[in-house]
Number of protein chains: 2
Amino acid sequence: MTTRWLTPEEQRAWRSYLAASWLLEDTVDRQLQQEAGMPHLYYSVLANLSDAPDRRMRMTDLAETLKITRSRLTYVVTRLEKDGTLRREGCPTDRRGSMAVLTDAGMELLERTAPGHVETVRAAVFDHLTPEQVNQLEAICTRITDVLQGDEESPGCDGLPWRRRSSAE
Amino acid sequence: MTTRWLTPEEQRAWRSYLAASWLLEDTVDRQLQQEAGMPHLYYSVLANLSDAPDRRMRMTDLAETLKITRSRLTYVVTRLEKDGTLRREGCPTDRRGSMAVLTDAGMELLERTAPGHVETVRAAVFDHLTPEQVNQLEAICTRITDVLQGDEESPGCDGLPWRRRSSAE
DNA sequence: AGTTATTGTTTAAAAGTTGAACCAGGCTGA
DNA sequence: TCAGCCTGGTTCAACTTTTAAACAATAACT
């Protein structure tokens, strides 16, 4: 079968997307590094904890929502623990498990830096989009996320074989 | 001034965006690593060269379009040169400069791997979006890119002070 | 000529990433 | 119950990437 190349519109969209996403990630990373002393991923760990019930999460769940390996998460959490923004606690119901718990210091850091972070995101993105565009963006990104997570079971689809193999294979 | 938090719509959009962009970058990286033996950034260097007139570009221009530091680009190009996919040539008009030139091997690699890459992008993104959504995506991302690049000179704007200082300061 | 700015590389240190190995605790079934 | 397998999480060592500062060469301006 011959390759189905991207149409000119698709090409433009893809290029725009790449430029925007790299630039944006860079901007956010830089701002958080500046004001919170940590890159985006680390901040996201704390942010996720602050949303979770009781401000705590199982390592595996955290890794899953952040879409990173457990190994990588261990590395990140170790540093955050050293920083004092979170601590580990054993899991009461499963003695193998451990939970990452946001400390008061971590919560304070979030409260202190969230405004700047939000302001960055606003200045970079939302202040320049119409309400319709905000909704469009959400619809598009949700679709992509669903596809990549395999919440997609259309039988005709070949699947994305290069996705991280979960355990089989 | 009190913080202008994100509206619920904006929050949803932002979260969707983050999930999609991380997942997508991961997917593309993994696929290219698999089939082209290099991560996305490296591939982009080659792709940019292949589009450029005479398949060559100044290092600084390349760094600029890829939005990375020259230092980082040097590292990347050194590896690609070792791989044989590109070579360096001195710049005729500016004896300080050097140009990255795509080799035949590099071109072959692109031709060999482009179909798989396109297929990945299609399967992850474009096969699931309507033509309107494709245009919406482009409009949104172009807007963001323009803003972050400062093609934006509205005088009332505070600017984004954490952008990489180009040379002043 | 004498600054000053750019271009691109080098270097050393720090940071991040990976995958395999590993331990401990759960789970299942004879 | 206990052997065998699965899971959660960490450790380790190798490797890759990233950063920032310093540098050499050349351009450009005054």
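Just so you know, these numbers come straight off a predicted model, no measurement behind them. Just so it is clear, the values below take in all heavy atoms, side chains as well, and ignore hydrogens, waters and symmetry mates. Reminder, nothing fancy here: chain letters follow the sequence lines and each chain counts from 1.
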> Are any of B:T78's side-chain N or O atoms less than 4.0 Å away from OP1 or OP2 of C:dT9?
Replying inline: no
> For the pair made of CG in A:L86 and C1' in D:dG9, what is the distance, rounded to whole Å?
Replying inline: 15 Å
> Within this structure, what is the CZ-to-P distance between A:R96 and C:dG25, rounded to whole angstrom?
Replying inline: 10 Å
> So among A:M99, A:R56, A:E81, which one has a side chain to side chain contact (heavy atoms under 4.5 Å, CB included) with A:R88?
Replying inline: A:E81
> Hey, which of these two, A:R95 or B:D94, hits DNA chain C nearer its 5' end, going by closest nucleotide?
Replying inline: B:D94
>> Quick test of your reading of the model: are B:R12 and B:E10 salt-bridged, counting only N-O distances below 4.0 Å?
In response: no
> Looking across every strand, which nucleic acid part, if any, lies under 4.0 Å from B:T74 by heavy atom: base, sugar-phosphate, or nothing?
Replying inline: base
>> I need the CE-P distance between A:M38 and D:dT18, as an integer number of Å.
In response: 21 Å
> Given atom CE of B:M99 and atom C1' of C:dT7, what is their separation to the nearest angstrom?
Replying inline: 12 Å
> What pair of heavy atoms forms the shortest contact from A:V147 to B:A124, and how long is it?
Replying inline: CG1-O, 4.1 Å
> What's the CG-C1' distance between A:L73 and C:dG16, to the nearest Å?
Replying inline: 14 Å
>> Tell me whether B:E119 is salt-bridged to A:R4, with the criterion being a basic N under 4.0 Å from an acidic carboxylate O.
In response: yes
>> Does A:E138 form a salt bridge (charged side-chain N to carboxylate O under 4.0 Å, His left out) with B:R15? I'd like the steps, not just the answer.
In response: CA-CA 8 Å; A:E138 196 214 331; B:R15 281 170 203 257; over 6 Å; no
>> Heavy atoms only, 4.0 Å cut-off, all strands: where does A:S71 land among base, sugar-phosphate and nothing?
In response: base
>> Distance check needed: D:dC12 P versus A:R70 CZ, whole Å only.
In response: 18 Å
>> To check you understand the geometry: which heavy-atom pair defines the closest contact between B:V134 and A:E9, and what is its length?
In response: CG1-O, 3.8 Å
>> Whole angstroms only, please: what is the CD-C1' distance between A:E25 and C:dG16?
In response: 14 Å
>> Can you tell me which residue among A:L86, A:I68, A:T85 is in a side chain to side chain contact (heavy atoms under 4.5 Å, CB included) with A:V45?
In response: A:L86
> To the nearest angstrom, how far is A:L32 atom CG from C:dA15 atom P?
Replying inline: 17 Å
> Considering residues at least two apart in sequence or located in another chain, which fulfil the side chain to side chain contact (heavy atoms under 4.5 Å, CB included) criterion with B:R95?
Replying inline: none
>> Could you check whether A:S16 and B:T142, counting side-chain N and O atoms only, form a donor-acceptor pair closer than 3.5 Å?
In response: yes
Below 3.5 Å between N/O atoms, which protein atoms pair up with nucleotides 13-17 of chain D? Just atom names and distances, please.
| residue | atom | partner | partner atom | Å |
| --- | --- | --- | --- | --- |
| D:dT17 | OP1 | B:Y42 | OH | 3.4 |
| D:dT17 | OP2 | B:Y42 | OH | 2.9 |
| D:dT17 | OP2 | B:Y75 | OH | 3.3 |

> Does anything in residues 52-66 of chain B reach DNA chain C, meaning a heavy atom under 4.0 Å, and if so which residues?
Replying inline: B:R58, B:M59, B:T60
